[in-house]
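Computed from a prediction, not measured in an experiment: that's the story for all the values here.
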Amino acid sequence: MDLLGWLIFLFALLFSVMLHESGHFVTAKRFGMKCTKYFIGFGPTLWSTIRGETEYGVKALPLGGFVKIVGMTSMDDVDPEDEPRSFRRAPGWQRLIVLSAGSFMHFVLAFFLIFGLALGIGIENANTTQLGTVAACVPANEQALTSGAACTASDAKSPAAAAGIKVGDKITSFNGVKVTSWDQLTSKIKDVKPGSTVTVTVIRDGKAVTLHTTLAAVKGRSGGYLGIAPTTVFQPTSPLGAVRYAGSGFAQVITGSAHALAQLPSAVPQLFAKDRSSTAGGNVSSVVGAARETGQAVAANVGWQYKVSFVLLLIASLNIFIGVFNMLPLLPMDGGHVAIVIWERIRAWFARLRRKPDPGLVDYRKLVPVSFSIFMVLVVFGMMLILADIVNPVNVG
């Protein structure tokens, strides 16, 4: 099942790339621009076919995709007969739409994924202290915990099972402190050091029962381990409620993305730290990390609703992040090209005010060093992130 999760993620990633490129392709064609290539991937061509004036195909490295529109910059050589249909000769507003269409498609996909999840499967409500699962044993490590690995004969009994905590119990206090939500309860548990004896008060059959146990330690995971999980209920919502849920999801991901981007300078030195999960380096991940999380979610011993919900929200979050990141005003990303078009229009407007001729297109040759430098920074950081996710993965639980 872990392999199935990886395949699901890779398919979703390639589908997102296709939508991104389709956004550029469809809008460019709609405005009469000439598109000569539409490819998924980079490197050697595995397959291609020509339909009309466009070559469609798949390349060997599934690391993205591209659409070739003639005359994208002032540096491109264009046949004289194709110049009227070149990107650079289109009005500024059309170029802005074509450049923004890729990110727009990411946002559309993310919206429909979250909207469909809320409307079809429902919104997860796990913020309760009523127990839906009591672990039979202490997992050998964090990976075994997140993957839901079966107990072995050598595994110790979980603190919850040892205390006699049962499925259906509702925890009302932990170590003498009243708890009313799952987030509050898990925070209290993780604050206690492994090996400490604690008291747990539950409501069972309408009566309060106080139990005692000693918290365990799970390798690779900070804080104490009790071995419980809440009852999870998925409640379908109305179309309006689904729209609100999608809007809330967008806001959370965008805010989280901005926070993660702001932490990048401090995250880089922590990518290979032993306690990466508790540092800024634990807040950033590559496609390898995201694929691993998808695989673990699909393989976990939980209900299908949780698995589908986790995967859809992860894919939606990834698309929102890519859409936002792609629109940053930095070359060679689409946002950098958008900034150049806006600058060209502002410059032309000032020229008209001064009754001078339009300065025309920005000379991209002057921007090549900047674009190449940013590209190399992104490549190096991306490779570091992938390597860190392979040799020092973030443990989530």
Side-chain angles (χ1 to χ4, degrees), residues 17-40 42 50-57 59 63-108 261 322-380:
V17 170
M18 290 179 62
L19 278 183
H20 179 105
E21 300 306 330
S22 295
H24 293 314
F25 181 76
V26 171
T27 51
K29 296 284 284 186
R30 175 65 180 82
F31 293 135
M33 302 174 191
K34 185 174 182 179
C35 302
T36 58
K37 293 180 183 292
Y38 177 105
F39 273 82
I40 300 300
F42 297 102
I50 297 177
R51 293 289 185 271
E53 62 186 13
T54 306
E55 181 184 9
Y56 303 85
K59 290 185 175 289
L63 303 176
F66 66 94
V67 171
K68 175 64 176 177
I69 307 173
V70 299
M72 282 293 296
T73 72
S74 57
M75 296 190 305
D76 294 351
D77 292 327
V78 179
D79 290 337
E81 62 269 22
D82 291 335
E83 186 62 37
R85 297 182 59 198
S86 66
F87 176 85
R88 64 195 180 199
R89 294 305 173 195
W93 65 271
Q94 291 184 359
R95 287 184 283 158
L96 290 176
I97 289 176
V98 173
L99 290 169
S100 304
S103 285
F104 177 75
M105 294 305 292
H106 286 297
F107 298 145
V108 169
L261 289 172
I322 292 174
V324 172
F325 187 76
N326 183 61
M327 291 307 294
L328 292 177
L330 301 171
L331 289 173
M333 293 179 290
D334 290 339
H337 294 285
V338 166
I340 289 174
V341 174
I342 293 174
W343 169 242
E344 288 176 349
R345 293 302 86 210
I346 292 175
R347 193 170 60 169
W349 179 70
F350 274 112
R352 285 196 303 271
L353 288 179
R354 294 180 295 169
R355 299 183 182 277
K356 293 185 176 182
D358 188 337
L361 301 173
V362 166
D363 187 356
Y364 265 78
R365 289 173 297 183
K366 297 179 180 179
L367 300 175
V368 168
V370 176
S371 179
F372 181 75
S373 298
I374 295 175
F375 175 75
M376 289 307 300
V377 169
L378 293 176
V379 168
V380 171

Nearest heavy-atom neighbours spanning Met333 and Leu328: CE-CB, 4.2 Å

- prompt: Between Arg95 and Ala90, is there a donor-acceptor pair closer than 3.5 Å when you use the side chain of the first and the backbone of the second?
  reply: yes

Considering all heavy atoms, the nearest Glu83-Ser86 contact: O-OG, 2.8 Å

field: Arg85 side, atom CZ; Lys34 side, atom NZ - distance, nearest 0.5 Å
entry: 6.5 Å

message: A side-chain contact here means heavy atoms from C-beta on lying under 4.5 Å apart; do Ile342 and Leu96 qualify?
response: yes

message: Could you check, using the six-membered ring where one of them is a Trp, whether His337 and Tyr364 have ring centers closer than 6.0 angstrom?
response: yes

message: I want to check something: taking the side chain as every heavy atom from C-beta on, are Phe87 and Leu99 in contact at a cut-off of under 4.5 Å?
response: yes

- prompt: Does Leu331 reach the side chain of Val370, with side-chain heavy atoms less than 4.5 Å apart?
  reply: no

query: Closest approach of Asn326 and Ser103, non-hydrogen atoms and distance?
result: ND2-OG, 3.1 Å

task: Measure the shortest side-chain to side-chain distance between Lys59 and Phe66 over non-hydrogen atoms and say whether it is less than 4.5 angstrom.
output: yes

message: Checking the side chain of Ser371 only, and the main-chain atoms of Val368 only, is there a donor and an acceptor separated by less than 3.5 Å?
response: no

field: Side-chain heavy-atom pair Ile69, Arg88 within 4.5 angstrom cut-off
entry: no

query: So with a 6.0 Å cut-off around CZ of Phe42, is the heavy-atom count from everything else above 12?
result: yes

field: Close side-chain approach of Val108 to Leu19, heavy-atom, < 4.5 Å
entry: no

- prompt: About how many Å separate CZ of Arg354 and CH2 of Trp349, when rounded to the nearest 0.5 Å?
  reply: 11.0 Å

statement: Rounding to 0.5 Å, atoms CD1 (Ile340) and CG (Leu367) come to a distance of 5.0 Å

query: Any sub-3.5 Å donor-acceptor pair from Asp79's side-chain atoms to Glu81's backbone N or O?
result: no

message: Looking at Glu21 and Phe39, would you say the former's side chain and the latter's main chain have a donor-acceptor pair under 3.5 Å?
response: no

- line: Nearest heavy-atom contact between Ala348 and Pro359 is CA-CD, 4.1 Å

query: Between Thr54 and Cys35, which heavy-atom pair has the shortest distance, and what is it?
result: OG1-O, 2.6 Å

query: Counting only heavy atoms not in Arg347, do more than 12 sit closer than 6.0 Å to its CZ atom?
result: yes

message: Within the 4.5 Å heavy-atom criterion, are Val324 and Phe107 side-chain neighbours or not?
response: yes

query: Do the charged groups of Glu53 and Lys29 touch, with an N to O distance under 4.0 Å?
result: yes

- prompt: Closest approach of Ala101 and Thr27, non-hydrogen atoms and distance?
  reply: CB-OG1, 3.8 Å

- request: For Arg89 and Pro84, indicate whether the former's side chain and the latter's backbone hold a donor-acceptor pair under 3.5 Å.
  value: no

message: For the CG atom of Leu378 and the CZ atom of Phe375, what is their distance to the nearest 0.5 Å?
response: 8.0 Å

- prompt: Would you call the rings of His24 and His20 parallel, tilted or perpendicular, where under 30° means parallel and over 60° means perpendicular?
  reply: perpendicular

